[in-house]
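What follows is one structure encoded as structure tokens, with my remarks underneath.
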2 protein chains.
Amino acid sequence: MGIKTVAWTGRTMRCVDQTKLPERLVYIECRTPAAVWHALRRLAVRGAPAIGIAAAMGVVLGARRSRARSCEGFVKDVRRVARYLGSARPTAVNLFWALRRMVRVVETAATRNVRMLTRALEREAVCMIEEDNAVCRRIGIAGVRLLRVGDSVLTHCNAGGLATAEHGTALAVIFEAHARGKNIHVFVDETRPLLQGARLTAWELMRAGIHATLICDNMAARVMCEGRVDIVITGADRIAANGDTANKIGTYGLACLAAAHRVPFYIAAPLSTVDLQIASGADIPIEQRDPDEVRRIGSRWIAPRNVPVYNPAFDVTPARLIRGIITEEGIVRPPYRRNLATAVGKSTAAQGGCSL
Amino acid sequence: MGIKTVAWTGRTMRCVDQTKLPERLVYIECRTPAAVWHALRRLAVRGAPAIGIAAAMGVVLGARRSRARSCEGFVKDVRRVARYLGSARPTAVNLFWALRRMVRVVETAATRNVRMLTRALEREAVCMIEEDNAVCRRIGIAGVRLLRVGDSVLTHCNAGGLATAEHGTALAVIFEAHARGKNIHVFVDETRPLLQGARLTAWELMRAGIHATLICDNMAARVMCEGRVDIVITGADRIAANGDTANKIGTYGLACLAAAHRVPFYIAAPLSTVDLQIASGADIPIEQRDPDEVRRIGSRWIAPRNVPVYNPAFDVTPARLIRGIITEEGIVRPPYRRNLATAVGKSTAAQGGCSL
């Protein structure tokens with residue numbers, strides 16, 4: 001892609017301000033945990049893996065501002081900033097996964113020297129970027145065999161480079177297939193209300209020279225009915241132990257439509273998106289967002305200003321509608337309860353080398 | 001409603017400019033067939049029944065401008081203006097139904113006096129408004145028994161007063177239930193790309209004091225899954241002899257989702273929307289509209305300016321997904337081929353009195 005969605009400059013978290021795309025490619029630098037929190041909250045940084053990485057960097061920024069001289073005080077400060085950053089978005093589990101990982105660094109460190117602990121946190125955050133790049137590439141390679149030459153993929157929201165550090169999840173599969181000359185076409189759901197498909201995914205695919213067609217979300221059924229969709233692949237924000245998957249609002253409807261048209265429906269996500277603590281999708285907290293996201297677009301009001309609005313940011317797709325989950329450890333198939341646990345076990349083992 | 005969506009002033013066709021709603025309630029007056037054609041094309045007037053009435057008035061405006069002195073020349077001019085107006089939108093059959101009806105007035109008239117023929121055309125057009133008001137009220141009464149006290153209805157696009165002369169089709173059922181104190185709640189799909197749900201339906205329902213909640217199109221599956229939708233009712237632009245129904249893009253997906261969630265799905269439409277000439281939905285022409293309707297909202301670009309777009313204005317819902325069609329002759333149930341033909345027969349007989 002050549003776009004570093006989230007990067008560590010050595011002193012700041014630098015990220016693309018995704019609210020400005022596709023009209024302008026603007027980078028912002030966050031110097032404080034509060035700046036990171038706001039970037040997450042207003043979706044300047046979005047996408048489960050990118051959220052996790054940005055939050056980890058927010059912890060580093062917070063740790064650097066700690067005035068604690070004792071190790072105990074420092075650990076307390078790190079926990080406090082982690083809790084604060086965790087309040088930015090409730091649904092994507094990668095946020096909590098990344099924050100827990102950062103807290104564990106200071107809790108389990110061999111040293112009690114505050115400066116060394118701070119450096120350890122920084123190394124961990126940078127390590128997450130490298131891991132994310134490797135994981136995304138492996139997702140691409142794992143999923144590429146699902147795509148035949150000339151296939152048409154439908155995707156929702158943005159699970160591209162902009163949702164991760166650099167390479168994407170659902171789009172990693174498409175990028176890999178494109179690199180192998182498979183001549184892929186992609187239908188891009190615009191993804192109301194915040195239009196991540198229209199603004200981000202269409203932009204990424206065009207930059208990569210991949211043939212894309214933008215549709216409104218309500219056109220997906222029609223293109224499926226016309227026999228023009230071979231496979232649906234989306235990202236995920238949290239996957240429960242039984243395979244139920246929270247992702248951008250609209251994903252569940254798409255999965256229902258895919259089932260009705262016998263189009264295979266896949267999720268692509270790193271195993272850090274799997275939350276084995278949660279038995280099923282019913283327990284995943286769903287973020288409710290500002291009604292004005294629906295009532296207006298930019299500064300233009302598109303509905304009566306006082307109309308009541310329901311604006312859940314995510315929905316939950318039950319495991320029975322998911323043909324497979326494309327992860328860095330391969331494609332996980334049903335039964336998910338057993339197979340996800342196995343894959344997470346492998347992945348934790350594989351990642352062991354990077355922790356302090 | 002108190003809003004005359006389309007009206008005849010005696011010299012001009014006066015209509016609400018629906019592109020300005022909900023921010024401003026603006027009326028425009030069309031003095032020429034070209035002005036009517038453009039009002040139809042840019043969706044200042046939209047909704048199958050309203051389109052038919054506006055086009056009929058366009059014929060009157062054209063007939064008045066005819067310089068023909070002979071009856072033959074006049075009939076030729078009327079046919080020409082009817083053909084021209086018929087080119088504004090291809091899908092809604094009410095347009096062609098209304099235009100044929102106007103042409104028949106001059107073809108079958110007892111007089112050959114051009115001034116009297118012009119007056120006959122004017123009377124026919126005004127008659128269509130009165131008929132439409134009566135038909136819409138009868139649709140409301142026919143459908144009201146489908147709604148129980150406290151029911152939650154989901155609707156798509158605008159099948160309200162703004163889609164007809166005054167009372168609406170799908171919304172006529174809701175207005176009638178509201179008038180009977182049934183305490184109805186309505187989920188309103190915003191209906192991308194032109195947002196008729198957000199702009200028009202939400203506005204109409206709020207004016208009528210009916211509890212409405214606006215959602216993005218891609219949220220419908222979620223609210224159904226939550227058990228919050230008791231029935232789906234939409235309008236129609238053309239109903240084939242077998243019951244297959246063309247309506248605003250997104251309707252087909254909604255019908256699939258309703259089936260998956262065991263929510264009854266109904267169409268509400270006047271019998272002038274039924275096209276017995278067409279055997280099935282496969283033969284209904286689907287209007288493809290400007291890609292910029294998807295690429296931008298108002299003046300704001302929400303996607304890369306050169307991204308390819310698929311923008312069908314309508315889709316076709318197969319009859320098997322439709323529980324019933326609410327018409328002025330009652331609720332038509334399957335088998336549609338037989339029952340629609342019977343209902344159309346009755347309705348033609350009922351309307352006989354109004355023709356020349």
Next item on the list: Give, as side chain, backbone, both or neither, the part of A:V316 having an atom under 4.5 angstrom from any heavy atom of chain B.
Entry: both
Check: Roughly how far, to the nearest 0.5 Å, is CD1 of B:I302 from CD of A:E190?
Finding: 5.0 Å
Notebook entry, point to check: What part of B:P312 lies closer than 4.5 angstrom to a heavy atom of chain A: side chain, backbone, both or neither?
Noted result: both
Note to self: Return the CG to CG distance between A:L257 and B:L254, rounded to the nearest 0.5 Å.
What the structure shows: 9.5 Å
Notebook entry, point to check: So which bits of residues 220-242 of chain A come within less than 4.5 Å of chain B, counting non-hydrogen atoms only?
Noted result: A:A221, A:R222, A:V223, A:C225, A:E226, A:R228
Next item on the list: Please state whether the side chain, the backbone, both or neither of B:M219 comes within less than 4.5 Å of a heavy atom of chain A.
Entry: both
Next item on the list: Please flag which part of B:N306 lies under 4.5 Å from any non-hydrogen atom of chain A: side chain, backbone, both or neither.
Entry: both
Checklist line | From CG (B:L195) to CZ (A:R300), nearest 0.5 Å | finding: 8.0 Å
Notebook entry, point to check: Side chain, backbone, both or neither: which part of B:P22 has an atom under 4.5 Å from a heavy atom of chain A?
Noted result: side chain
Checklist line | A:R305/B:E23 salt bridge by N-O under 4.0 Å criterion | finding: yes
Margin query: Is B:N218 in contact with chain A via its backbone, its side chain, both, or neither, using a 4.5 Å heavy-atom distance?
Written below: both
Next item on the list: Identify the heavy atoms of A:V294 and B:C216 that sit nearest to each other, and give their distance.
Entry: CG2-SG, 3.8 Å
Next item on the list: Let me know if B:L200 has heavy atoms under 4.5 Å from chain A in its side chain, its backbone, both or neither.
Entry: neither
